There are 2 protein chains.
Amino acid sequence: MANVSTATVSRALSTPGSVAEGTRRAVIEAVERSGYRVNQTARNLRRKQAGAIVVLVPNIGNPFFSRILAGIEATASKAGLNVLIADTRQPQADEGPLGEYLHNNHADGMLVLDGSLRDDFFSHGNHAHPPIVYACEWSEGTSLPSIRFDNAGGSALAVDHLAGLGHTSIGHILGPLDNVLTQERRRGFEAALARHGLRVRNDWYFDGDFTLASGANAALSWLALADRPTAITTSSDEMACGFMSELYRHGVHVPDDVSVVGFDDIDIAERFIPALTTIRQPRMEIGEVAANALIDLIRAPDRTPVGTAFTKVLDATLIVRSSTRATAEA
Amino acid sequence: MANVSTATVSRALSTPGSVAEGTRRAVIEAVERSGYRVNQTARNLRRKQAGAIVVLVPNIGNPFFSRILAGIEATASKAGLNVLIADTRQPQADEGPLGEYLHNNHADGMLVLDGSLRDDFFSHGNHAHPPIVYACEWSEGTSLPSIRFDNAGGSALAVDHLAGLGHTSIGHILGPLDNVLTQERRRGFEAALARHGLRVRNDWYFDGDFTLASGANAALSWLALADRPTAITTSSDEMACGFMSELYRHGVHVPDDVSVVGFDDIDIAERFIPALTTIRQPRMEIGEVAANALIDLIRAPDRTPVGTAFTKVLDATLIVRSSTRATAEA
DNA sequence: TTGTATGCGTTATCAT
DNA sequence: ATGATAACGCATACAA
């Protein structure tokens, strides 16, 4: 017991400056000895805050997202905020919209990594809600702040690289069609193709869903083609690896028989056989940037009026490795 | 307004049975119309609970852990608990022990995925703390409940497989030496070797840290050996892939020149070139089992008196693919 | 079955 | 600079 009122204890702990030096020390010492801990729940109730942000992620098990999550966690913990994770692919949708997290005072803000969620998903009637930031994907035309990679630009980089190597027949393995990333990457692919005076052939598009298995399927389609493109760009490294893996089983060699470019630069890309040429996206960094943006909104909500489309685009870069090579003619 | 007291509203929402049918409907309807949300913070304060569990993970970006996390999240959200994640590798250790999460009423329980954390890490003086469950790794001799894989058994499976293929010279790429997984897997490796009457050679142990890069380093060491083992077991798939990748760059062929067995069965294992023979661990499942164990402890703390070593071991299984083959003599 | 009143542990306000 | 006190929003004991 430091023989002071609870108010003084509170001040000594949360506003050290507003208390006399001696009292402060006495309180600190008493706290140490008694093993006292502030009750965060009570503090949050009083302060009308949750002390946490929630992250909506399509699949935590996916390294693409978990890396972004790592960046978010690092940033949030530095700001003294807890990170809540919610998997949007859980079959618990009957429990009601994930937006509950916000309206229940569970979290002070939300980070959305799932581009398939419409932005009206979160509105409950017309009630105001805590800040939301979209990261890495988002529905077209959302009015919510968003951070993303330059996906179209990344695809273009891939095409430029292949065209520079002399390739004129270039195919593309798509992600899920309703995914914004897929659409953007395809857009960049087509734009770059046009820029190089190359045509887009429908049978050189291969369906996929970002997974290894779908990449392997694409390989089967490629093998079945009479007129095969000499190079393939993909919408994810995993599909690129699946594609190469299946080709290998059929005796087709990368990059001798076909060049392959991935997308994401996941860890294994550098060590795949052959090492995968790909488009790198700084995933940890996007997590940090997005978390910082959200934290800014939480700390100073007024500075960013509703409807102001705050957008930040991070560049993607080309990493040349061994899965691409020049054509014979080049 | 349903024209009732706040107490009735509270009851209608949290104890529907204790309120008249008509009143209940009126309240529900009023709630819907007014857009009322219960304040979880206030509820938690009153109930003296946090409504959340915290997961201590060494590295969220690592797919090994993020998969376990996915299992945890699924289970916890089914039980109405939020999941807080904390990265133990963050340089924020100066903020004090992660145990704060518990003592601050931030969480009702804790799941520890980081075996390098001593179990006295969480004690603050001698105060009682909410339940803690170790999952997948733990310090030797902890008195805390723990769920894990049969790591030693998994390693033994790998050796049995290779011995059955005729291999008599078998090496092993280790994980970090202070890691429990490393120690267990090594123990199983040596036990199985002895069972087959094979000797353990010190220069057939390769240092590693679970990463791709360390696997590649091990390949360099293997290449430098005068007398090389014809088969290698590893303590992680990533090291196995790094090992094969580096060998490939040096023109050494797996499995023709050396057989390789991984550990974990990460997604890419099936699609690596060649497809990796490995020891599968149901990672999502361990997350579910661990989360359920923790939830049980939270719901009924008395049933598991302190000091009772609750332990559950999940089996590992051998997945034979293309990175292993019989020796010429076999 | 429902209402009244009190307390959960903090912090903010107002005195002193 | 410090103490007394009210209030944050909910859940419960008790009364009606």
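As the structure is a prediction and not an experimental result, all values here were calculated from the model.
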Inset, instruction - Please report the C-alpha distance between A/V54 and A/L111 in whole Å, then the side-chain angles of each, then the deciding distance to 0.1 Å, and finally whether the side-chain contact (heavy atoms from CB on, under 4.5 Å) criterion is met. - result: CA-CA 6 Å; A/V54 58; A/L111 235 27; over 6 Å; no

Inset, instruction - Could you tell me the separation between the OG atom of B/S14 and the CZ atom of B/R46, rounded to the nearest 0.5 Å? - result: 11.0 Å

Inset, instruction - Measure the spacing between CD of B/E285 and CZ of B/R67 and express it to the nearest 0.5 Å. - result: 13.0 Å

Inset, instruction - With the side chain of B/R43 defined as its heavy atoms from C-beta on, choose the nearest nucleotide among C/dT2, D/dG3, D/dA11. - result: D/dA11

Inset, instruction - Calculate the interatomic distance between B/N39 atom CG and C/dG9 atom C1'; express it in whole Å. - result: 14 Å

Legend entry - Between C/dT10 (C1') and A/Q49 (CD): distance, integer Å: 12 Å

Legend entry - Closest nucleotide among C/dT2, D/dA11, D/dG3 to the B/S10 side chain: D/dA11

Inset, instruction - Specify the residue among B/T6 and B/A42 whose closest nucleotide of DNA chain C lies further upstream toward the 5′ end. - result: B/T6

Inset, instruction - Using five base pairs at each end, measure the axis-to-axis angle across the helix from C/dT1-D/dA16 to C/dT16-D/dA1 and round it to 10 degrees. - result: 40°

Inset, instruction - Using a 4.0 Å heavy-atom cut-off across all strands, classify A/V38 as base, sugar-phosphate, or nothing. - result: sugar-phosphate

Legend entry - Separation between NE2 of B/H106 and CG of B/L84, rounded to the nearest 0.5 Å: 7.5 Å

Legend entry - Nucleotide D/dT2, atom P - distance to CZ of A/R25 in whole Å: 14 Å

Legend entry - Protein-nucleotide distance (A/N44, atom CG; C/dT11, atom P), rounded to Å: 10 Å

Inset, instruction - Select one nucleotide: of D/dA11, C/dA12, D/dT12, the one nearest the side-chain heavy atoms of B/R47. - result: D/dA11

Legend entry - Note: B/R25-B/E21 ion pair, threshold 4.0 Å (strictly below): yes

Inset, instruction - Compare side-chain N and O positions of A/S5 against OP1 and OP2 of D/dA4 and report whether any pair is under 4.0 Å apart. - result: no

Inset, instruction - Just call it for B/A7: base, sugar-phosphate, or nothing, with non-hydrogen atoms closer than 4.0 Å on any strand. - result: base

Legend entry - Among C/dG3, C/dT11, C/dC8, the nucleotide that comes nearest once only the side chain of A/S14 is considered: C/dT11

Legend entry - Rounded distance (Å) that lies between atom P of D/dT2 and atom CD of A/E21: 11 Å

Legend entry - Residue-phosphate contact under 4.0 Å: A/K48 side-chain N/O, C/dT11 OP1/OP2: no

Inset, instruction - Assess the side chains of B/Q281 and B/D264: does a donor N or O sit below 3.5 Å from an acceptor N or O? - result: yes

Inset, instruction - Would you check if A/V133 and A/L297 make a side-chain contact, meaning some heavy-atom pair closer than 4.5 Å? - result: yes

Inset, instruction - Measure the distance from CG on B/L45 to P on C/dT10 and round it to the nearest whole Å. - result: 9 Å

Legend entry - Distance-only donor-acceptor test (3.5 Å): side chain A/R46, base D/dG9: no

Legend entry - Value in whole Å for how far the P atom of D/dA1 lies from CZ of A/R11: 10 Å

Inset, instruction - Would you indicate which nucleotide in D/dG3, C/dG9, C/dT10 comes nearest to any side-chain atom of A/Y36? - result: C/dT10

Inset, instruction - Give a yes-or-no answer on whether the side chains of B/D114 and B/T88 include a donor-acceptor pair shorter than 3.5 Å. - result: yes

